[in-house]
Amino acid sequence: DGVTYADKPYGGYWLVILSAKLLGGFSEAAGRLPGRLAYLATLVVTYVLGCRTLGARVGALAALLLAVSGRLLVLADTTSADPQQLLGDTLAMLLLLGLAESGRLRDFALLGAVAGLTTQMKGLPGLALPAFAALLWTLLVRGPRWLPVRGVALGVLIGLAVAGGPYLVARGMHGDWGPLWMLWHESVVRAVDPFDHVLPWWFYLVNQFELLLTWSALLPAALLQAGARLRPAAGDGRAWWVRLRESEPLRRAAFPLFA
């Protein structure tokens, strides 16, 4: 609509600049390249996540359904940072799956780095969503005593450093916290006090269901199948969370429902 909107974080703009340098200057192709690459990478990560949980056939079907979802197809061909946000969130889920089984410091560090980088695309949800998911899943399948203090501290520090580093640089160069305030305005204020749309929050539920219709149409069946996997066998009186903590195959089967 011709109105300058500069409240998004740096990352999406940096990727377009990098694309322009690689392609010899700013052009339509340079603007579209980051979204297209993120789209393709998300399909690969989705396939790998499927392979590691429910098998290669499920992974391939999941990637195919995502590939033909209208919302993603449209956004992948624009300069929007949504495809990069989706890639970061999907990759975070893949890393979380491995982290909850291994507990290695490297996995915590990688998850923190991915969350921080994703924040540079669309804002604070890129940091908050993986952090919340990691805490909830590990508490659910491992319990609070399992969480290694060093791993959590390392992941948090790396995530905050990657997410906040550019704003500290901007502060040093320009002498104010304007960019950080814009990030807060876009990520938090816009959610509780919308300034560029007037529809209620639940609009996004309907909107996303329609725009991802190819995938959404199978969502009820997927939820039923996941629920069936969590049902106990005959004579097994253990609660479902107890069975999750004691069975890695069951955890892997249940993870797509959680993700």
Side-chain angles (χ1 to χ4, degrees), residues 1 3-19 30-46 49 66 69-96 110-135 155-156 158-170 177-197 199 201-205 207-209 211-212 215 259:
D1 55 8
V3 178
T4 300
Y5 188 78
D7 284 21
K8 297 299 182 185
Y10 300 115
Y13 305 112
W14 286 345
L15 290 177
V16 173
I17 293 172
L18 176 61
S19 176
R32 297 180 191 274
L33 182 60
R36 291 172 175 175
L37 293 179
Y39 165 75
L40 295 174
T42 303
L43 300 182
V44 174
V45 176
T46 300
L49 184 57
L66 188 61
S69 292
R71 177 69 163 175
L72 187 57
L73 284 170
V74 170
L75 291 175
D77 211 33
T78 69
T79 55
S80 168
D82 286 270
Q84 293 90 300
Q85 170 80 28
L86 180 61
L87 172 60
D89 289 339
T90 309
L91 184 56
M93 291 302 101
L94 180 60
L95 291 171
L96 174 55
L110 285 173
L111 182 61
V114 167
L117 287 172
T118 306
T119 299
Q120 296 299 339
M121 300 301 134
K122 289 277 287 182
L124 292 176
L127 189 65
L129 178 61
F132 172 75
L135 180 64
V156 169
I158 291 178
L160 291 177
V162 174
Y167 298 95
L168 293 177
V169 173
W177 294 106
L180 190 60
W181 162 247
M182 292 172 69
L183 175 68
W184 178 262
H185 190 250
E186 170 68 17
S187 300
V188 180
V189 175
R190 183 169 178 254
V192 298
D193 184 20
F195 53 85
D196 59 350
H197 62 82
L199 294 170
W201 65 268
W202 50 260
F203 158 77
Y204 284 104
L205 299 178
N207 174 260
Q208 295 301 313
F209 189 93
L211 293 171
L212 292 169
W215 175 83

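For the pair Asp89/Gln85, a side-chain contact is recorded, criterion being any heavy-atom separation below 4.5 Å from C-beta on. Using a 4.5 Å heavy-atom threshold, the side chains of Leu86 and Tyr39 count as separate. A heavy-atom distance below 4.5 Å is found between the side chains of Leu168 and Trp177.
In terms of heavy-atom proximity, Met93 sits nearest to Ala133 at CE-CB, 3.6 Å. Considering all non-hydrogen atoms of both residues, Pro179 and Ala170 come closest at CG-CB, 4.0 Å. The shortest non-hydrogen separation linking Gly123 to Pro9 is N-CG, 3.4 Å. Of all non-hydrogen atoms in Thr78 and Val74, the two that sit nearest each other are CG2-O, 3.2 Å. Nearest approach of Gly116 to Leu127, heavy atoms of both residues: N-CD1, 4.1 Å.
Panel note: side chain Gln120, backbone Ala163; a donor-acceptor pair is recorded below 3.5 Å. In this structure, Ser19 contributes its side chain and Ala30 its backbone to a donor-acceptor pair below 3.5 Å.
Ring geometry for Trp181 against His185 counts as tilted: the plane angle lies between 30° and 60°, on a 0 to 90° scale.
Note that CG of Leu43 is 9.5 Å distant from OG1 of Thr90, once rounded to the nearest 0.5 Å. In this structure, the separation between CG on Leu72 and CG on Asp77 is 11.0 Å, given to the nearest 0.5 Å. Taken to the nearest 0.5 Å, the CG atom of Leu124 stands 12.0 Å off from the OG1 atom of Thr118. The CH2 atom of Trp14 sits 8.5 Å away from the CE atom of Met121 when rounded to the nearest 0.5 Å. One distance of note links CG of Leu18 with CG of Leu33; it measures 9.0 Å at 0.5 Å rounding. In this structure, CG in Leu87 is found 12.5 Å from CG in Asp82, a value given to the nearest 0.5 Å.
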>> The test is side-chain contact (heavy atoms from CB on, under 4.5 Å); show your working for Ile158 and Leu111 and say whether it passes.
In response: CA-CA 9 Å; Ile158 291 178; Leu111 182 61; over 6 Å; no

